[in-house]
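Here's the structure we're looking at; comments come further down.
Heavy-atom basis, side chains included; hydrogens, waters and symmetry copies ignored. In this text the structure is predicted, and so the values were computed from the model without any measurement. In listed order, ligands and their atoms are each counted from 1.
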Amino acid sequence: MKSRVLLSFVLLVTLVLAACQPAAPTEAPAAEQPTKAPAAEQPTEAPAAEQPASTEPIKIAMLVPLSGPVPTFGVSTRDGGMLAVEEWNAKGGVLGRKIEAVVEDSQCTPDPAVNAANKVIDTDKVKYIVGETCSSASIPVSEIAEEKGIVQISPTSTNPTVTTKADGTAKKFVFRACFIDPFQGLAMAKFATEKGYKTAFIMLDQGNDYVRGLAEAFEKSFTELGGKIVGKETYTSQDTDFSAILTKVAESKAEVLYLPDYYNIVNLVGAQAKEKGVTAVMMGGDGWDSADLDLKAADGGFFSNHYSPEDTRPIVQDWVKNYNAKFGSTPDALATLAYDATNILLASIEKAGVDDPVKVAEAMASIEWEGVSGKITFDEQHNPIKSAAVLQVKDGKVSFVASVAP
Ligand code: PHE
């Protein structure tokens with residue numbers, strides 16, 4: 001079973017390699033046909049008020065969780081985004097103007113994220129936002145962005161409703177650089193099924209949009225693929241003792257324990273599951289991706305993610321090298337997607353030819369971008385269609401196991 005997955009990965013890598021343009025990340029901005037940009041800067045189109053401001057820096061905001069439950073997410077997202085800004089500034093900025101990044105701590109939590117969004121829009125007069133990281137924070141920020149006409153691109157928020165309105169159509173100003181949870185849940189359900197597992201137990205925090213959405217997606221796909229959900233239990237983000245639930249997991253004899261939460265919860269649940277002798281294989285999603293994931297607690301587990309630093313495409317290897325030279329560590333998916341998202345935003349401003357969020361949102365909707373995390377074009381719901389990587393935690397290491405195509 002495993003060999004079939006591996007085979008399809010090898011095939012995928014070969015295809016991606018063939019399609020990939022070996023542009024170094026530092027060259028990425030140049031790929032966006034600079035000849036188009038000045039042409040769009042028609043003096044007649046620019047409002048009079050735009051003229052005196054045109055030598056001012058273009059401000060962008062990064063809303064990232066530097067404090068709160070998942071601070072490694074914030075640090076990685078900020079660092080990846082800032083690297084893109086530095087590279088653009090080194091090449092002269094965007095529309096001939098320097099880029100200034102305003103970084104706000106939005107805590108992966110709705111209220112602080114809303115306050116941070118209002119602050120950067122109303123006080124700093126920012127018209128473009130990269131962020132937030134977590135879906136529960138990105139969703140309320142997206143309502144503000146849509147209402148105030150501010151372009152928002154979340155690097156990593158995978159819940160579908162970040163970019164869509166209640167009627168299912170896209171929010172005009174809101175985009176993301178990552179795949180969405182229905183696909184991420186399907187990817188792990190497929191992987192579990194191909195490994196021969198037939199039963200799964202799901203643990204979830206109902207109050208977290210990301211966790212709830214991913215749990216639903218996995219349940220649906222695993223069941224459709226012939227698997228059985230033999231138990232489902234909820235907890236809250238404040239819980240620290242999971243022993244009652246873990247007793248039920250052990251009694252259910254489930255082969256898989258699906259735990260699609262962030263690393264802070266995975267560390268607790270994983271350690272307690274090991275103490276209790278739970279034998280189910282733990283599986284989860286991108287929320288496991290952190291330098292602070294407890295590799296002992298999560299040992300033997302698998303999670304879906306957006307990229308692997310082991311990917312041999314030159315664009316990935318250049319990115320890993322540049323990031324390492326600057327920060328002394330291997331970039332995680334959050335840093336990588338923040339780099340891609342910031343590049344897409346700046347390339348869209350350049351493509352629009354004018355510092356106007358309405359035009360930039362239009363330009364972004366039709367952009368094509370060769371990112372580190374894959375080739376990005378947006379569908380009708382402003383979501384990129386991309387493959388997922390399955391990673392395994394084993395013997396103190398996280399390694400690449402398979403790629404699942406959409
Ligand atoms: N996908 C998560 C969310 O929507 C955020 C995340 C992305 C966390 C990538 C880790 C790695 O909340």
Quiz item: Looking at the rings of Phe201 and Tyr258, which for Trp means the six-membered one, are their centres under 6.0 Å apart?
Solution: no
Exercise. Using a strict cut-off of 4.0 Å, indicate which atoms of ligand 1 neighbour a heavy atom of Tyr262.
Key: 3 (C), 12 (O)
Quiz item: With a 4.0 Å cut-off, would you call Glu146 and Lys172 a salt bridge?
Solution: no
Quiz item: With Cys134, which residues qualify under disulfide (SG to SG under 2.5 Å), at least two apart?
Solution: Cys108
Quiz item: Has the side chain of Asp294 got a donor or acceptor atom that lies under 3.5 Å from a matching backbone atom of Ala297?
Solution: yes
Practice problem: Keeping the roles fixed (side chain from Gln317, backbone from Pro309), state whether a donor-acceptor pair exists under 3.5 Å. | Solution: yes
Self-check item: Within-shell test, Ala333 vs ligand 1, heavy atom, strictly < 4.0 Å
Solution: no
Quiz item: Looking at Lys125, Arg97, Lys59, which one forms a salt bridge (Lys or Arg N to Asp or Glu O under 4.0 Å) with Asp355?
Solution: Arg97
Practice problem: Among all protein heavy atoms, pick out the one at the shortest distance from atom 10 (C) of ligand 1; state its residue, atom name and that distance to 0.1 Å. | Solution: Asp286 O, 3.0 Å
Quiz item: Backbone, side chain, both or neither: what part of Thr156 comes under 4.0 angstrom of ligand 1, heavy atoms only?
Solution: both
Practice problem: Considering the heavy atoms of Ser157, write down every atom of ligand 1 situated less than 4.0 Å from one of them. | Solution: 4 (O)
Self-check item: Distance from atom 4 (O) of ligand 1 to nearest protein heavy atom, with residue and atom
Solution: Ser135 OG, 2.5 Å
Practice problem: Tell me whether the centres of the aromatic rings in Phe73 and Tyr262 are closer together than 6.0 Å. | Solution: yes
Exercise. Considering the heavy atoms of Thr158, write down every atom of ligand 1 situated less than 4.0 Å from one of them.
Key: 1 (N), 2 (C), 3 (C), 4 (O)
Self-check item: Polar proximity ligand 1 side, Asn305 side, N/O cut 3.5 Å exclusive
Solution: no
Self-check item: Ligand-side contact atoms (ligand 1) for residue partner Gly287, heavy atom cut-off under 4.0 Å
Solution: 8 (C), 10 (C)
Quiz item: Does Gln152 use its side chain to pair, donor to acceptor, with the backbone of Gly131 at less than 3.5 Å?
Solution: yes
Self-check item: Shortest reach to atom 5 (C) of ligand 1 by a heavy atom, considering only Thr133, Asn159, Val70, Thr72
Solution: Thr133
Practice problem: Run the numbers for me: atoms of ligand 1, each under 4.0 Å from some heavy atom of Cys134, listed by number. | Solution: 12 (O)
